[in-house]
Novice: 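Right, I'll just put the structure down here and ask away after.
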Amino acid sequence: MTRAQTVLDRIVRSAEEQGFVAHGVHVRIGDDAAAHLWAEDIRRDIHSAAKGVCVIAAGIASDEGLFDLDAPVATYLPGIALGQGVDAVTTRHLLTMTSGIDFPWSETMMTDWPDLAREFLGRPSRGRVFQYSNASTYTAMRALGAVVGDVHGWLEPRLFAPLGIVGSTWERCPNGWIIAGGGLSLTLDEFARIGRLIRDGGRWDGRQLVSRGWIDAMHRDWIERDANPGYERYALAGWGGPGDAWRLHGAYGQLLIFLDDAVVTITADDHFGADAMAAKAVAALES
């Protein structure tokens, strides 16, 4: 039995003991992989784990010399009346949630205003203050879209096709742009491929799809904050923890958990059990 299978068995047992409502779990350690399904492996929204895909998109565009994450975001979205201090906000600030623009989450965020990016950038910034908001990632991808066009379509030959992900869907706002911070639907297997790419520093089957620096930035130069355990550190889309691991974390338990040469992929419908499940997964890797 491979170590991947052993760890998988521990995670499955923990999920069932906890009563965690999982759809599936995939474990890759080194070159070995194992998976378990509780439900059909259909495409489901990976929610905020899509923020990591947005970082990859911006990184690929930077690698191609098309996009500068450290330029003021207004450079790419001219004609928008900016709130006080927003002229200094960059795409990197948006992707690290440090724009300082207050914009709380709501279920109707994408439809409450004629143009969410215009509304977001029109509000004042309090400086480099952490403010987690899907509006931030959405606006970052609007800036990228000003250069590359439709971000999802642009990623097809650069990311999705090389990973063997064909015909994926990404939810869109009323103006036709991807909602970015969520809405990307993938199967467990496809989600695990994103995880493998990240674990391997942006390399896939001998081809560097995105520079390693962008992958490293997902879990380095942490933004430290006073918050509940597991939410004290944030970087470019990545959360620190549990323990020595780090993760991409989407609502309802969509998880990519990284520790050394291992990546655990979980899809679920259990928002409040996800933190405990992530801790169980790391414990399974460490035992």
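In this text the structure is predicted, and so the values were computed from the model without any measurement.
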Novice: By the salt bridge (charged side-chain N to carboxylate O under 4.0 Å, His left out) test, which pairs, at least two apart or in different chains, include something from residues 264-283?
Specialist: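 As it turns out, there is no salt bridge (charged side-chain N to carboxylate O under 4.0 Å, His left out) pair with a partner in residues 264-283 once direct neighbours are skipped.
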Novice: Which heavy atom in Glu156 sits nearest to a heavy atom in Ser168, and how many Å separate them?
Specialist: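 Shortest heavy-atom separation between Glu156 and Ser168 comes out as OE2-OG, 4.1 Å.
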Novice: Give the minimum heavy-atom separation between Ala192 and Thr265, together with the two atoms involved.
Specialist: CA-OG1, 3.4 Å
Novice: Leu37: which other cluster members, linking ILVMFWY side chains closer than 4.5 Å, directly or transitively?
Specialist: Leu188
Novice: Taking salt bridge (Lys or Arg N to Asp or Glu O under 4.0 Å) as the definition, give me every residue that meets it alongside Arg44, ordered by chain and number, with sequence neighbours left out.
Specialist: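 Applying salt bridge (Lys or Arg N to Asp or Glu O under 4.0 Å) to Arg44 gives none.
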Novice: Can you pull the side-chain hydrogen bond (donor to acceptor under 3.5 Å, both in side chains) pairs that have at least one residue in residues 129-143, sequence neighbours excluded?
Specialist: Ser48-Tyr132, Lys51-Tyr132, Lys51-Asn134, Asp115-Arg142, Tyr138-Arg142
Novice: Hey, do the aromatic rings of Phe160 and His152 have their centres closer than 6.0 Å?
Specialist: yes
Novice: Would the number of heavy atoms belonging to other residues, nucleotides or ligands and lying under 6.0 Å from CD of Glu224 be above 12?
Specialist: yes
Novice: Going by side-chain heavy atoms closer than 4.5 Å, which hydrophobic residues are tied to Val129, directly or by a chain of links?
Specialist: none
Novice: Is any side-chain heavy atom of Ile178 less than 4.5 Å from a side-chain heavy atom of Leu184?
Specialist: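 When only atoms from C-beta onward are counted, Leu184 and Ile178 do not touch, as no gap falls below 4.5 Å.
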Novice: Under a 3.5 Å distance rule, please check whether Arg247 uses its side chain to pair with a backbone N or O of Gly241 as donor and acceptor.
Specialist: yes
Novice: Closest approach of Ser99 and Ser125, non-hydrogen atoms and distance?
Specialist: O-OG, 2.6 Å
Novice: When you measure from the side chain of Asn175 to the backbone N and O of Trp177, does any donor-acceptor pair fall under 3.5 Å?
Specialist: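 Looks like no, no N/O pair under 3.5 Å.
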Novice: Taking the side chain as every heavy atom from C-beta outward, state whether Met277 and Ile266 have any pair of such atoms under 4.5 Å apart.
Specialist: yes
Novice: Indicate yes or no: at least one non-hydrogen side-chain atom of Ile165 is less than 4.5 angstrom from one of Leu186.
Specialist: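 Ile165 reaches Leu186 side chain to side chain.
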Novice: Heavy-atom distance under 4.5 Å between the side chains of Tyr76 and Val147, does that happen here?
Specialist: yes
Novice: For residues Ala49 and Leu248, report the shortest heavy-atom separation together with the two atoms involved.
Specialist: O-CD1, 4.0 Å
Novice: Tell me the side-chain hydrogen bond (donor to acceptor under 3.5 Å, both in side chains) pairs involving residues 251-264, sequence neighbours left out?
Specialist: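 Of all non-adjacent pairs touching residues 251-264, none passes side-chain hydrogen bond (donor to acceptor under 3.5 Å, both in side chains).
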Novice: Working note: Trp113 + Phe103, criterion ring pair (Phe, Tyr, Trp, His ring centres under 6.0 Å); need CA distance, chi angles, decisive distance, verdict.
Specialist: CA-CA 13 Å; Trp113 295 273; Phe103 209 103; 5.1 Å; yes
Novice: Students often mix this up, so state it plainly: with edges at 30° and 60°, are the rings of His249 and Tyr231 parallel, tilted or perpendicular?
Specialist: tilted
Novice: Among residues two or more places apart or on two chains, list those pairs meeting salt bridge (charged side-chain N to carboxylate O under 4.0 Å, His left out) that have a residue in residues 55-75.
Specialist: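 For residues 55-75: Glu64-Arg158, Asp70-Arg92.
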Novice: How about Ile46 and Ser185: do any of their side-chain heavy atoms sit closer than 4.5 Å?
Specialist: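 Of all side-chain heavy-atom pairs linking Ser185 with Ile46, none is under 4.5 Å.
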Novice: Not counting sequence neighbours, which residues clear salt bridge (Lys or Arg N to Asp or Glu O under 4.0 Å) with Arg220? List them please.
Specialist: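 Residues passing salt bridge (Lys or Arg N to Asp or Glu O under 4.0 Å) with Arg220: Asp216.
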Novice: If I compare all heavy atoms of Ala22 with all of Ala268, which pair ends up nearest, and what's the gap?
Specialist: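 Smallest interatomic distance, heavy atoms only, reads CA-CB, 3.7 Å.
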Novice: Would you give the length of the straight line joining atom CE of Met141 to atom CG of Leu94, rounded to the nearest 0.5 angstrom?
Specialist: 9.0 Å
Novice: Of all heavy-atom pairs between Gly253 and Ala274, which one has the smallest distance, and what is that distance?
Specialist: CA-CB, 3.7 Å
Novice: Picking from Val55, Val210, Leu236, what satisfies side chain to side chain contact (heavy atoms under 4.5 Å, CB included) with Ile215?
Specialist: Val210
Novice: So which pairs with a foot in residues 102-114 pass salt bridge (charged side-chain N to carboxylate O under 4.0 Å, His left out), sequence neighbours left out?
Specialist: Asp102-Arg126
Novice: Not counting sequence neighbours, list each pair that qualifies as a salt bridge (charged side-chain N to carboxylate O under 4.0 Å, His left out) and has a residue in residues 10-22.
Specialist: none
Novice: Once salt bridge (Lys or Arg N to Asp or Glu O under 4.0 Å) is applied, do any residues pair with Arg172, and if so which ones, sequence neighbours excluded?
Specialist: Asp150
Novice: Keeping to residues at least two apart or across chains, list the side-chain hydrogen bond (donor to acceptor under 3.5 Å, both in side chains) pairs with something in residues 191-204.
Specialist: Asp189-Arg193, Arg196-Asp205, Arg203-Gln208
